[in-house]
Asks: 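The structure under discussion is supplied below as structure tokens; questions concerning it will follow.
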Amino acid sequence: MHGKDVVLDGMSITYPNGFTAVQPTDLTIRAGEFFSILGPSGCGKTTILRAISGFVEPSAGRVLIGGEDQRGRGANERPTALIFQNLALFPLMSIWENVAFGLEARGVTRRRRRARAMELLELVALTGHEGKKPTELSGGQRQRVAIARALAVEPAVLLLDEPLSALDLKLRQHMRAELRTIQQKTGVTFIYITHDQGEALTMSDRIAVMNAGVIEQVGTGDQVYSEPETAFVASFVGEANVFRGTVAGLENGMALVETPHGRFLGRNPRGLAEGAPAMLFVRPENMGFSGSMAAQVDGRGDGSYGNELEAELERRDLEGPFVNLVMRAGDRQIAMHVRNEGGDPPSGRQRIGFPCERAVVLPEGELARTGSEMAEA
Ligand SMILES: Nc1ncnc2c1ncn2[C@@H]1O[C@H](COP(=O)(O)OP(=O)(O)O)[C@@H](O)[C@H]1O
Ligand SMILES: [Mg+2]
């Protein structure tokens with residue numbers, strides 16, 4: 001099997017009722033890549049998949065697969081296969097017959113169909129289950145049968161629309177590794193859609209983060225997590241404390257932001273100018289207590305941080321090696337994720353802070369409704 005690249009060239013999609021679900025988008029997904037589209041429910045992820053697979057035509061722009069314009073090609077004529085959440089296996093057929101189903105219509109003999117099904121069942125680690133019926137398999141095993149069935153027709157691009165969302169948490173986590181292995185063995189381009197950042201971060205070569213019909217950022221998991229380019233990406237991927245304010249000064253690629261909780265310095269990747277409304281983001285794991293071990297390592301060398309404020313402990317949740325703290329500073333809460341160094345939790349007023357290089361200053365923008373809500377000023 002060979003993966004092909006997928007290019008969206010200025011593609012937008014407006015439904016017949018006039019609603020534009022996908023704004024004009026330029027995106028290149030490389031051949032053989034595990035590429036995720038991550039965003040909240042309703043942002044347009046499924047609509048993009050439907051355009052790639054041929055169930056909806058772009059209103060403007062083009063979809064190219066392996067360099068070929070797909071306009072006018074129906075779903076059956078494209079080198080794609082689609083898997084979604086509520087997969088339907090044929091209950092009366094055996095597992096191998098389910099896998100080989102798509103080959104019968106192509107005139108492949110029964111003997112060849114069975115041989116191909118056995119190869120694919122080996123690929124998804126289901127050898128020995130070929131004679132069973134779907135009801136005799138677990139949810140995760142059925143999902144793997146669906147993947148084998150989709151791969152039977154040798155697609156160059158496999159489109160997966162939240163395929164794990166019906167499974168329980170443990171199985172979902174197990175299936176992440178399985179899917180990644182299957183993708184690497186086949187070399188097929190996987191385009192994986194999810195609203196679950198954990199899935200996207202663990203499996204993907206690259207991720208597109210999408211909000212309200214717009215792809216806001218494309219990058220590796222590390223890039224979208226550590227170098228977010230918009231307020232939405234910073235707040236949707238992972239947890240973040242947000243300080244709203246105004247840029248009060250600039251120095252060496254950094255911006256000083258005046259906030260109700262103090263003046264904080266942070267990286268300024270978008271080049272905000274003095275006077276600009278801004279949001280400063282800092283992750284809970286980048287916060288620490290002034291004078292602590294962490295501050296000695298991460299701070300300015302004297303046990304203090306570049307950015308500090310006073311706060312009081314409000315809640316402490318022990319995770320084991322780490323502790324999640326909720327601190328109160330005036331009218332707001334601040335989340336901290338610190339190493340468990342033993343001993344009593346800090347009480348009373350504390351100086352907490354974060355290194356300037358671990359804070360990012362971005363243009364004011366819409367925040368994701370998950371995660372950062374608690375931590376917003
Ligand atoms: N056939 C349709 N007609 C009109 N609007 C639609 C249609 N299908 C989806 N939408 C709207 O387009 C937006 C994006 O939907 P969808 O692509 O399914 O989002 P996601 O997969 O990210 O949850 C939603 O607001 C949805 O209500
Ligand atoms: Mg969807």
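Whatever order the structure lists them in is the order used to number ligands and atoms, beginning at 1. Here the structure is a predicted model, which means the values were calculated and not measured. One-based numbering along the sequence shown.
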Asks: Specify the protein heavy atom at minimum distance from atom 10 (N) of ligand 1: its residue, its atom name, and the distance to 0.1 Å.
Replies: Tyr15 CE1, 3.4 Å
Asks: Is a donor from one side chain sitting under 3.5 angstrom from an acceptor on the other, for Glu199 and Tyr192?
Replies: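 Side-chain D/A pair, Glu199 to Tyr192: present.
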Asks: So with a 6.0 Å cut-off around CD of Glu154, is the heavy-atom count from everything else above 12?
Replies: yes
Asks: Below 3.5 angstrom, do we get any N/O pair linking Phe19 and ligand 1?
Replies: no
Asks: Could you name the option among Thr14, Thr46, Asp161 that has the heavy atom nearest to atom 18 (O) of ligand 1?
Replies: Thr46
Asks: Quick check on atom 27 (O) of ligand 1 - does any protein heavy atom sit closer than 4.0 Å to it?
Replies: no
Asks: Tell me if a side-chain donor or acceptor on Thr25 pairs with a main-chain N or O of Gln23 at a distance below 3.5 Å.
Replies: yes
Asks: Examine distances only and state if a side-chain atom of Arg328 and a backbone atom of Gly330 form a donor-acceptor pair shorter than 3.5 Å.
Replies: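 Yes, Arg328 side chain to Gly330 backbone: donor-acceptor pair under 3.5 Å.
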Asks: Can you name the closest pair of heavy atoms from Gln197 and Val237 and give their distance?
Replies: OE1-C, 3.9 Å
Asks: Which protein non-hydrogen atom lies closest to atom 16 (P) of ligand 1, naming both residue and atom, and how far is it?
Replies: Thr47 OG1, 3.6 Å
Asks: What class does the angle between the rings of Phe243 and His261 fall in, given that below 30° is parallel, 30 to 60° is tilted and above 60° is perpendicular?
Replies: perpendicular
Asks: For ligand 1, is Gly42 a contact, meaning one of its heavy atoms is under 4.0 Å away?
Replies: yes
Asks: Tell me the protein heavy atom at minimum distance from atom 19 (O) of ligand 1, and give that distance in Å.
Replies: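 Going by distance alone, atom 19 (O) of ligand 1 is nearest to Gly44 N, 3.3 Å.
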Asks: Check whether any N, O or S atom of Thr46 sits under 2.8 Å from the Mg ion (ligand 2).
Replies: yes
